[in-house]
Amino acid sequence: MLEIVFIGRGGQGAVTAANILVEAAMIEGLHAQGFPFFGAERRGAPVAAYARVDKKPILRHGMFNTADVVVVLDGKLVQQDYASQFTLRDKGVLVLNSPHTQIPRDLKLRFEGDYSIYVVNATEIAVKNKLVIAGWPVVNTGMLGALSRAIGVVSKNAVVEAVKRYFGGRVGEVNAKASEDAYEQTVRVV
Amino acid sequence: MSRPPLPYKTRDVVLPGDAACPGCPIPIAWKVLSAVFGDKMILVIPASCSSVVVGMYPGNSLRASVIHVPFASAAAVASGVSEALKKRGVTDVQVIAWAGDGGTADIGMASLSGAAERNHDFIYIMYDNEAYMNTGIQRSSSTPRGAWTTTTPIIGKSEEKKDVAKIMIAHGVPYVATASVGYVHDFYNKLVRASKIRGFRFISLHAPCPIGWRFDPRYTVKIARLAVESGLWVLYEYYDGKIHLSGPSRPYVDPSKRKPVEEYLKLQGRFRRIDDELLKSIQEYVEKNWEWVKKHM
Amino acid sequence: MRTVGLKLVLTGNYALAYAAKVARVNVVAAYPITPQTSVVEKLAEFIEEGELDAVMIRVESEHSALAACFGAALAGARVFTATSSQGLLYMHEVVHWASRARAPIVMGIVTRTLGPPWNIWPDHTDYMDQRDTGWIMSFAMDNQEAFDLTLQAFKVSEDPRVYLPVMVGIEGFILGHTSMPVEIPEQNLVDEWLGPRRQPYVVDGSEYMAIGNLALPEDTEEFFMDIQNAMEEARKVVVEVEEEYSKITGRPFKGPVECFKCEDAKYVAISMGAWSGDLMESVSQLRDEGYSVGLLRIRYYRPFPGDYIFEKANSTKGVLVFDRAISFGSYGPIFLDTAASFLKHTRKTPYIKNVVAGIGGVNITSDDFSRILKRFVHEVESDGVNVFEWYHKGKVVR
Amino acid sequence: MKVIVEPSKYRLPIARPLVGVAGKTGTWRLERPVVDNNKCTRCYLCEIHCPVNVIRVEPDAGVSIDYDYCKGCGLCADVCPVLAIKMVPEE
């Protein structure tokens, strides 16, 4: 089973990302769960969403702080204290939305062992695709493309299809384009 | 002589031998309802004297439908009944929430307000006997100032009567009226008008209780009329954005035509200990209320 | 005859809403409360989009929510509502009223603890507060089951052998806000299987009747006795309904209690709700370690499946009952029911122990369950069982 | 939208119309209304107001009262405009 945490800011669409991932996993014939942090979410404050993906039915419930994959919708958050409550398992994968390709300094995330880091500039991709709502670039669909590139368990096609189903119509097309662009532009830095 | 001089068909729905106290205003009012709606009515009744008046299982004193419901829920249950019937296309039956002043002005206020705001299609009648009679004459917010009750046993109620009709007018519902068991023709006419309007309709029905008000049961109608004649209870309808004064109350726009409130009060044991100061405040209430009525006519 | 229908990613809350939709409810009356809100938001959306031909009554309180459902049910509508926590307690009076009037109603309970302190996280306190109301009570472990049990609830509730309202529990957030794939059967199959609204009487002016007139003590007691009788009948009905349902959906039949590795187990745990999944993980892991453990997961809490539990657990050495609620001054409710059910059959019971945990939304993981189960096994082996424990922050508090 | 009413074997808290649901309420009476039909103008006010619904006014026969259920409240006597009804103590 893969346990995935999405870290973002309230309103950035971390929960939506988790839910679309479930849709994509379903398309792949996998079992999945996606859920928000259980509590009150406030716009702008750091917030987590969670997903589980497995070949077998998922029996486990509830939030978790130790994950196989951490996806950070706002790359700066990984350098803030908020990130220190999360631990990446050995051989874990960190996926960052960041304009820089060098390894960020002062990572507050905890690591149990080896890890790899993938980076994508999802903000720029969102802006280029005119995915800006109320002044906020919509990065979650891009980050799903990056996640697909980083872990492979859920294919690019499945993510694209899930994004289209979730939003539908033109909004779906544009978001799917963001996912595809992000998939192509994601680079492994560690 | 031919049929009764009133278009009443009061004989068949309210059955003799119910469990009401002698002189009870409730079955009188039900007879008027039956004259308008026949047996095609569903009464939604929260805890109140009426829960008892209809009698004990497996019998029922009404040839109509009754749903007994929890105290605070009459308006909500009636909302549900009315919406379900509308959905089923049943249009030949009138849903009536029938609640006392406690079940309306106190515990039922929120559900009443909710149903009114949503403008559900039924008639809500608050029969106002001005206290919790069924549990033994305890004060309600609709008890008038100065009245003795078992929870205002020594000095009487110190606060003013809550005017629910005004509250309902503020809800902007299509029809609000005050009525009295002392004026059954007037009540009948109001029900007829209400029956032709769709949406939430509210009638506040003044209903003197011989037991709780401490008077001889033969005077139920007389006392109800005195309340109107003294100007204490004003009969009106509210629709199209203004008050339409009803026939029986029309003379009493003129204060000089009104009987002194003492005449009304002195027949009732519940006002036995009233003093001059209270009397004055009751008289002031009458003037103030009339000013309000005139302003909205 | 099996059909897959649609497979959608739904939260537990949406699963309840979809079940009400395919049951073609006529009236929905509800009041918002966290974490139930998205159930009725979704139903409002269905209705406003024209996907569900129903009336939405946006009431001013939970008391009125169930009261309006009660009125609509009596007048011949298939109705649905959902609530949580304080809201459920606020409507508690009407919860009783609905079952006494034998009104078929279905209600989703998205469980949440009670305050103070304000806390929006789940346990079973609110749900357990309804256990004496005369409602059939089921509880789901995942979103598919939330959907299935809710849809089946309409059939159970409207069965003339039952004619009682049904509430379906799911934990708030843990299921309520968690998305999972859910299979929705085809509408025409549901229509055919569920059929039109069925109820013992209808108040629509076509017949003189008075519902709930004052009654003598003896008559009143007989009404109570008949609710108890209906509960007994309901044991059969819920099984029948699920059997039919699994035929049309192809989903496995699980019964009022799901047996997970319990057949040959020397120790069984009993639980209800989503954390049963975590407990299953723990049971599987302990099996790998050589412990003979199994699980009985309660899917129907009322009527309580005591005979079934006895049958499955009587030959074990120990029964460990997990409760996510506490009857203060006594024990967890499921434990009380379990212990009483054993006494119906025998005076020589296995060790029966109660662990209360997960109150106020405290997360209990499979590691916690493993720890608790192992200790229980050792306690039985050494004849030193404490009947009651509160498991808190990884430690036992007696 | 169809509704099937299918009874069950269970007792339901449903009451049905019944005359004398509280018994022969005439026994509650302390005073009996006695009518002088010669005075009666057939105005029907007594019939309309009678809370127990036991008074019938017919054009020819005048006022009749079902004493099995009349509770003796005296309201009829009070509303009669021509004082055709008198309350007399029960024997």
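The chains referred to below are lettered A, B, ... by the order of the sequence lines, with proteins before strands, and numbering in each begins at 1. Values below: every heavy atom of this structure, side chains too, minus hydrogens, waters and symmetry copies.
- With a threshold of 4.5 angstrom between heavy atoms, B/Val54 approaches chain D through N, CA, C or O but not through any side-chain atom.
- Under the side-chain hydrogen bond (donor to acceptor under 3.5 Å, both in side chains) criterion, B/Trp98 pairs with B/Ser50, sequence neighbours left out.
- Rounded to the nearest 0.5 Å, atoms OG1 (B/Thr10) and NZ (B/Lys31) are 5.0 Å apart.
- Using a distance-only test at 3.5 Å, with no hydrogens or angles considered, no donor-acceptor pair links the side chain of B/Ser195 to the main chain of B/Arg193.
- Among residues 6-16 of chain D, the residues having any heavy atom closer than 4.5 Å to a heavy atom of chain B are, in sequence order, D/Leu12, D/Pro13, D/Ile14, D/Ala15, D/Arg16.
- For the residue pair B/Asp128 / B/Ser204, no side-chain donor-acceptor distance below 3.5 Å is found, with atom types taken as modelled.
- Taken from CZ in B/Arg11 to CD1 in D/Ile55, the straight-line distance is 11.0 Å, to the nearest 0.5 Å.
- If you tally non-hydrogen atom pairs under 4.5 Å between each of D/Gly72, D/Ala77, D/Gly74, D/Pro51 and chain B, the highest count goes to D/Pro51.
- Atom CD of B/Glu229 is separated from atom CD of B/Glu263 by 8.0 Å, given to the nearest 0.5 angstrom.
- Checking side-chain atoms of B/Arg218 against main-chain N and O of D/Cys73 turns up no donor-acceptor pair under 3.5 Å.
- Of the possible donor and acceptor atoms, one in the side chain of B/Arg225 sits under 3.5 Å from a partner among the backbone N and O of B/Gly182.
- B/Ser73 places no side-chain N or O within donor-acceptor distance of the main-chain N or O of B/Val69, the cut-off being under 3.5 Å.
- Residues of residues 76-95 of chain B that come within less than 4.5 angstrom of chain D, heavy atom to heavy atom, are B/Ala84, B/Lys87, B/Arg88 in numerical order.
- Each of B/Pro27, B/Cys21, B/Ala64 has some count of heavy-atom pairs under 4.5 Å with chain D, and the biggest count is that of B/Pro27.
- The candidate from B/Asp18, B/Leu15, B/Asn60 with the greatest count of non-hydrogen atom pairs under 4.5 Å with chain D is B/Asn60.
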Dump the intermediate steps for side chain to side chain contact (heavy atoms under 4.5 Å, CB included) on B/Val36 and B/Tyr188, then the final yes or no. CA-CA 7 Å; B/Val36 180; B/Tyr188 174 88; 3.4 Å; yes
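- A distance-only check finds no donor-acceptor pair linking the side chain of B/Lys190 to the backbone of B/His185 [under 3.5 Å].
- Residues of residues 19-32 of chain D having a heavy atom under 4.5 Å from any heavy atom of chain B, listed by number: D/Val19, D/Gly20, D/Val21, D/Ala22, D/Gly23, D/Thr25, D/Trp28, D/Glu31.
- For the pair B/Lys222 and B/Tyr219, the cation-pi criterion (under 6.0 Å, within 45° of the ring axis) is fulfilled.
- The CD1 atom of B/Ile96 sits 12.0 Å away from atom CD1 of B/Ile67, with the distance rounded to the nearest 0.5 Å.
- Of the possible polar contacts, one joining the B/Ser249 side chain to the B/Leu235 backbone as a donor-acceptor pair under 3.5 Å is found.
- Neither the backbone nor the side chain of D/Cys70 comes within contact range of chain B; no heavy atom of the residue lies under 4.5 Å from a heavy atom of that chain.
- Under a 3.5 Å cut-off, the side chain of B/Asn129 and the backbone N or O of B/Pro208 do not form any donor-acceptor pair.
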